[in-house]
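Accompanying notes for the structure given below.
In this text, all values refer to a predicted model and were calculated from it rather than measured experimentally. Only heavy atoms go into these numbers, but all of them, side chains included; no hydrogens, no water, no symmetry mates.
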Amino acid sequence: MPGGRLTQQERQQIALGLADGLAYAEIARRLDRPTSTITREVMRNGGPTAYRADLAHHATERRAHRRRQATRRGPQAPPQAHGRDAEAVREYEETFTALLMHQGLPKMMSRVLTCLYTTDAGSLTASELVQRLQVSPASISKAITFLERQGLIRRERDERRRERYVVDDDVWYQGMIAGARSNAQLAETARQGVKILGPDTPAAARLESIARFVDFVGESIARAAEQAREILYTKPEATSGGTAAPTSDPDRQPS
């Protein structure tokens, strides 16, 4: 697949595809680009309803100009841990952030969560987040408050009594269970409509079908989450073939 930055003509094609209601994967196929490239491009430039090709192109040029200035002004970035490719890491973080935004999380909250998930320690202080993301302390504070209320992160103090923000392994399980509860509420509300609209009416039949469908999906999600919860507490173990085989951690039990 071709590499390099998107051209202005490609951005115009993306805008046309969005206007026609095409999926990111279809737009990517037509441009011979990875779907992740299109997703990241759209989400970092206003989202599918506000994307403008000319504005996106100018914004990209400004970001590239700022990076060149920062490179000339400051020292080289410190080497990545474990010999990682710094540019590849940055691209991946942008892709992950765009995905979280596509799922409804605000941009700054997505950036903070991505930063925590891609940090080996899985935790950072507010000052570390400010430094990594190059934003104001107020922006970090607002994002942390939002993420904590959503149950996506938690706080703890380290040996120096500094407050650290941690991504908990159990977050994904809790999120799935919350989604299952939301489905159950939707099913209940749909069935209330059945009684009000009359059980023998087309509208009631439609709502009953929705309720049965959502019930089934919600129950399946909850059951699968319970069955798969142990995976969140399983450490990968390298094999001779270079792949990772899961091994349970006997000292870590789901709460």
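With a 4.5 Å cut-off on side-chain heavy atoms, Thr39 and Leu99 do not count as touching. The shortest side-chain heavy-atom distance between Ile177 and Arg181 falls under the 4.5 Å cut-off. A 4.5 Å side-chain heavy-atom check between Thr125 and Glu163 finds every atom pair outside the cut-off. Here the side chains of Leu129 and Val135 are not in contact, with every heavy-atom distance at 4.5 Å or above. The shortest side-chain heavy-atom distance between Gln13 and Ile27 does not fall under the 4.5 Å cut-off. Looking only at side-chain heavy atoms (C-beta outward), Arg164 and Glu128 come within less than 4.5 Å of each other. Contact annotation: the side chain of Leu6 approaches that of Thr37 to within less than 4.5 Å [non-hydrogen atoms, C-beta and beyond]. Within the 4.5 Å cutoff, the side chain of Arg155 has no heavy atoms near those of the Val166 side chain.
With rounding to the nearest 0.5 Å, the separation of CD in Glu208 from NZ in Lys195 is 10.5 Å. Of the inter-residue distances, the one linking Leu152 atom CG with Arg149 atom CZ reads 13.0 Å to the nearest 0.5 angstrom. Summarising the geometry, atom OH belonging to Tyr24 is positioned 12.5 Å from atom OG belonging to Ser36; distances are rounded to the nearest 0.5 Å. Rounded to the nearest 0.5 Å, atoms CZ (Arg162) and CG (Leu124) are 10.0 Å apart. The distance from atom CG of Leu22 to atom CD1 of Ile14, rounded to the nearest 0.5 Å, is 11.5 Å. Annotation: the span from Tyr117 atom OH to Thr97 atom OG1 amounts to 13.0 Å, rounded to 0.5 Å.
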Identify each donor-acceptor pair in which a side-chain atom of residues 213-225 lies under 3.5 Å from a protein atom, sequence neighbours left out, and give them as a table.
residue	atom	partner	partner atom	Å
Asp215	OD2	Arg191	NH1	2.6
Asp215	OD2	Arg191	NH2	3.2
Ser220	OG	Phe216	O	2.8

*Report the C-alpha separation of Tyr165 and Glu148 in whole Å, then their side-chain angles, then the decisive distance to 0.1 Å, and conclude whether the side chain to side chain donor-acceptor pair (under 3.5 Å) test is met.*
CA-CA 9 Å; Tyr165 307 110; Glu148 191 174 27; over 6 Å; no
*Would Ser139 and Ser136 satisfy side chain to side chain donor-acceptor pair (under 3.5 Å), going step by step from the backbone distance to the final call?*
CA-CA 5 Å; Ser139 296; Ser136 69; 3.0 Å; yes
_With salt bridge (charged side-chain N to carboxylate O under 4.0 Å, His left out) as the criterion, how do Glu156 and Arg154 come out once you've worked through the C-alpha distance, each side chain's angles and the decisive distance to 0.1 Å?_
CA-CA 7 Å; Glu156 65 179 29; Arg154 60 182 171 82; 2.9 Å; yes
*Derivation of the salt bridge (charged side-chain N to carboxylate O under 4.0 Å, His left out) call for Glu26 and Arg29*: CA-CA 5 Å; Glu26 176 60 21; Arg29 187 189 66 77; 2.7 Å; yes
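Side chain of Thr114 to main chain of Arg111: no donor-acceptor pair is present (N/O by atom type, distance under 3.5 Å, no hydrogens or angles). Formation of a donor-acceptor pair under 3.5 Å by the Ser182 side chain with backbone atoms of Ala178 is not found in this model.
The two residues Ala203 and Leu197 have their closest heavy-atom pair at CB-CD1, 3.7 Å. Here the shortest heavy-atom pairing between Arg44 and Lys107 reads O-NZ, 4.4 Å.
Residues Tyr173 and Glu226 bring a donor and an acceptor atom of their side chains to less than 3.5 Å of each other. Between Thr95 and Arg40, the side chains place a donor N or O and an acceptor N or O closer than 3.5 Å (distance only, hydrogens not considered).
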